[in-house]
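Okay, so here's the structure we're looking at.
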Amino acid sequence: MPETRRSSAHTSSRRAHTMTIDWTAFTPWTSLAGGALIGMAVAMLVLLNGRIAGISGIVGGLLRPAAGDIAWRAAFVAGLLASPLLFTSLFTGPAAPQSSATPLGLVVAGCLVGLGTRYGSGCTSGHGVCGVARLSPRSIVATLTFMAMGFITAYVTLHLRAW
């Protein structure tokens, strides 16, 4: 009998953390189009310029400029920044999700991501999009690590945090 009580108490505490899906934000067609555009941009950059589209490496190259290597990097970053603005001015869709993070929290998170890209020798775009497509073992391991840490972080923040 004690097992039944513990089980029902455990079940009722689980119900408090039930995940729901916001179906209005489920956008498979725009997601598919975005993925296709990313794939085309990555393929064009490697075929036409011989460069891998790793954002941390591209931005890092702007911070340590080399002669003749600035224009394409600046154009790539400008495109990354301008594209969402252009898209939202032309199309309507679900409202962007709002974050409850503080500005300081965002800065700290950004610094941790930057530190991680240095330790991981690249970012999710370089490893996950380009490296996995090239079947690079290092990139596959890095991408699996990114994903595992993302799953763990989401689980901890949604289910285990006590703060």
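For this chain, numbers begin at 1 and follow the sequence in order. Quick caveat, the model's predicted, so the values are computed rather than measured.
- The nearest pair of heavy atoms linking C123 to G54 is SG-C, 4.0 Å.
- Annotation: side-chain hydrogen bond (donor to acceptor under 3.5 Å, both in side chains) contacts of N49 (sequence neighbours excluded): none.
- Classification of R64 and D69 as a salt-bridged pair fails, no side-chain N sitting under 4.0 Å from a carboxylate O.
- Under the 4.5 Å side-chain heavy-atom criterion for Ile, Leu, Val, Met, Phe, Trp and Tyr, L32 and I38 are members of distinct hydrophobic clusters.
- V129 and V113 fall into different hydrophobic clusters, where Ile, Leu, Val, Met, Phe, Trp and Tyr side chains are chained together by heavy-atom contacts under 4.5 Å.
- Following chains of ILVMFWY side-chain contacts shorter than 4.5 Å, one cannot reach L112 starting from L106, and the two form parts of different hydrophobic clusters.
- Checked by atom type and distance alone, the side chain of T88 pairs as donor or acceptor with a backbone atom of L85 at under 3.5 Å.
- Checked by atom type and distance alone, the side chain of T157 pairs as donor or acceptor with a backbone atom of T153 at under 3.5 Å.
- Below 30°, between 30° and 60°, or above 60°: for F76 and W72 the angle between ring planes is above 60°, a perpendicular geometry.
- Evaluation of the side chain to side chain contact (heavy atoms under 4.5 Å, CB included) rule for A43 yields no partner, not counting sequence neighbours.
- Using a 4.5 Å cut-off between side-chain heavy atoms of Ile, Leu, Val, Met, Phe, Trp and Tyr, with links allowed through other members, L80 and L90 fall into different hydrophobic clusters.
- Listed here is the closest heavy atom pair of H127 and S121: NE2-O, 3.3 Å.
- When all heavy atoms of L62 and P65 are compared, the closest pair comes out as O-CD, 3.6 Å.
- S125 and A53 make their closest contact through OG-O, 3.6 Å (heavy atoms, listed as atom of the first residue, atom of the second, distance).
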Derivation of the side-chain contact (heavy atoms from CB on, under 4.5 Å) call for T124 and T143: CA-CA 7 Å; T124 53; T143 303; over 6 Å; no

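- The main-chain N or O of T27 is found under 3.5 Å from a side-chain atom of T30 such that the two form a donor-acceptor pair.
- When hydrophobic clusters are built by joining Ile, Leu, Val, Met, Phe, Trp and Tyr residues whose side-chain heavy atoms come closer than 4.5 Å, directly or via intermediates, I55 is not grouped with I52.
- Remark: the backbone N or O of R73 is not paired with any side-chain donor or acceptor of R51 at under 3.5 angstrom.
- Atom CG of L45 sits about 7.5 Å away from atom SG of C130, to the nearest 0.5 Å.
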